[in-house]
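Working notes, structure below.
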Amino acid sequence: IVDYSTEKRCGRPLGLLIDPNGDLLVAESYSSILRIPKEDMFSLQPDLNKAPEVVVNNYKGENFTFLNTMIVQNNKLYFTESSTIYNRKD
C-alpha cells in the first residue's frame with residue numbers, strides 16, 4: 001500500500017539541473033521550478049529555514065501539474081510537464 005497523503009506537501013523533485021551560474025534548479029513535480037544558490041548547496045552550516053527561490057510556478061495563471069525535466073539553452077529555461085490533467089497518484 002502506498003501512502004500519497006504527504007507527497008504534495010513534502011515534494012517530489014523529478015528534474016535537477018545546474019544552471020549557467022552554478023545554481024541548482026529543481027523541477028518539483030507538483031508546484032514549481034526552484035533555484036538553490038550554489039553557495040547554499042555546499043555550505044557546512046546551511047540555513048534550513050531559508051526557502052528556495054521559486055523561478056516559475058504557473059503559465060498564464062494555470063498552476064503546473066507534473067513538472068519533470070529542464071534544459072537551459074541560449075539563456076532560456078525550457079521544461080516539460082508530463083500532464084496538465086493527471087498527477088502521479090492518478
Side-chain angles (χ1 to χ4, degrees):
I1 296 175
V2 178
D3 180 9
Y4 296 100
S5 63
T6 61
E7 190 168 279
K8 283 190 178 186
R9 182 170 33 115
C10 297
R12 184 172 184 82
L14 293 181
L16 299 173
L17 174 73
I18 301 295
D19 74 8
N21 297 320
D23 298 334
L24 177 65
L25 298 179
V26 180
E28 201 295 299
S29 61
Y30 290 113
S31 65
S32 57
I33 294 178
L34 306 170
R35 175 180 286 122
I36 301 171
K38 62 184 170 190
E39 298 82 22
D40 294 346
M41 287 190 293
F42 301 108
S43 173
L44 295 177
Q45 295 180 336
D47 181 356
L48 300 178
N49 295 315
K50 182 179 177 184
E53 172 193 353
V54 175
V55 176
V56 62
N57 62 4
N58 71 76
Y59 178 72
K60 294 185 178 180
E62 293 289 324
N63 292 333
F64 296 123
T65 305
F66 211 149
L67 296 173
N68 55 41
T69 193
M70 303 164 286
I71 186 171
V72 174
Q73 195 169 45
N74 298 324
N75 290 322
K76 292 183 181 180
L77 175 65
Y78 297 91
F79 54 92
T80 59
E81 182 177 26
S82 294
S83 175
T84 58
I85 300 170
Y86 301 105
N87 61 36
R88 190 177 81 81
K89 182 178 155 188
D90 297 329

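Atoms considered below: every heavy atom in the structure, side chains included; atoms not considered: hydrogens, waters and symmetry mates.
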Report task. Test Leu24 against Leu17 for side chain to side chain contact (heavy atoms under 4.5 Å, CB included), laying out the working first. Result -> CA-CA 6 Å; Leu24 177 65; Leu17 174 73; over 6 Å; no
Report task. Please tell me if the side chains of Leu14 and Leu67 come closer than 4.5 Å, counting only heavy atoms from C-beta onward. Result -> no
Requested in this report: Please tell me if the side chains of Ile33 and Val26 come closer than 4.5 Å, counting only heavy atoms from C-beta onward.
Outcome: no
Report task. State whether a side-chain donor-acceptor pair under 3.5 Å links Asn68 with Thr80. Result -> yes
Query raised in the report: Do other residues, nucleotides or ligands put more than 12 heavy atoms under 6.0 Å from the CD atom of Glu62?
Result: no
Report task. List the atom of Pro37, the atom of Asp23, and the distance in Å for their closest heavy-atom pair. Result -> CA-OD1, 3.3 Å
Query raised in the report: Considering residues, nucleotides and ligands other than Asn75, do more than 12 of their heavy atoms fall under 6.0 Å from its CG?
Result: no
Report summary line: Nearest heavy-atom approach of Glu81 to Thr65 is OE2-N, 2.5 Å
**Report entry** Distance in Å, Asn58 CG paired with Phe64 CZ, rounded so as to fall on 0.5 Å steps
**Finding:** 6.0 Å
Query raised in the report: Do Leu25 and Tyr59 sit in the same hydrophobic cluster, where Ile, Leu, Val, Met, Phe, Trp and Tyr count as joined when their side-chain heavy atoms come under 4.5 Å apart?
Result: yes
Report task. Give me the one residue out of Asp40, Asn21, Val56, Val55 that meets side chain to side chain contact (heavy atoms under 4.5 Å, CB included) with Arg35. Result -> Val55
**Report entry** Pairwise side-chain contact, Asn57 with Ser31, heavy-atom cut-off 4.5 Å (strictly under)
**Finding:** no
Query raised in the report: Is the backbone N or O of Lys76 less than 3.5 Å from a side-chain atom of Asn74, with the two atoms forming a donor-acceptor pair by type?
Result: no
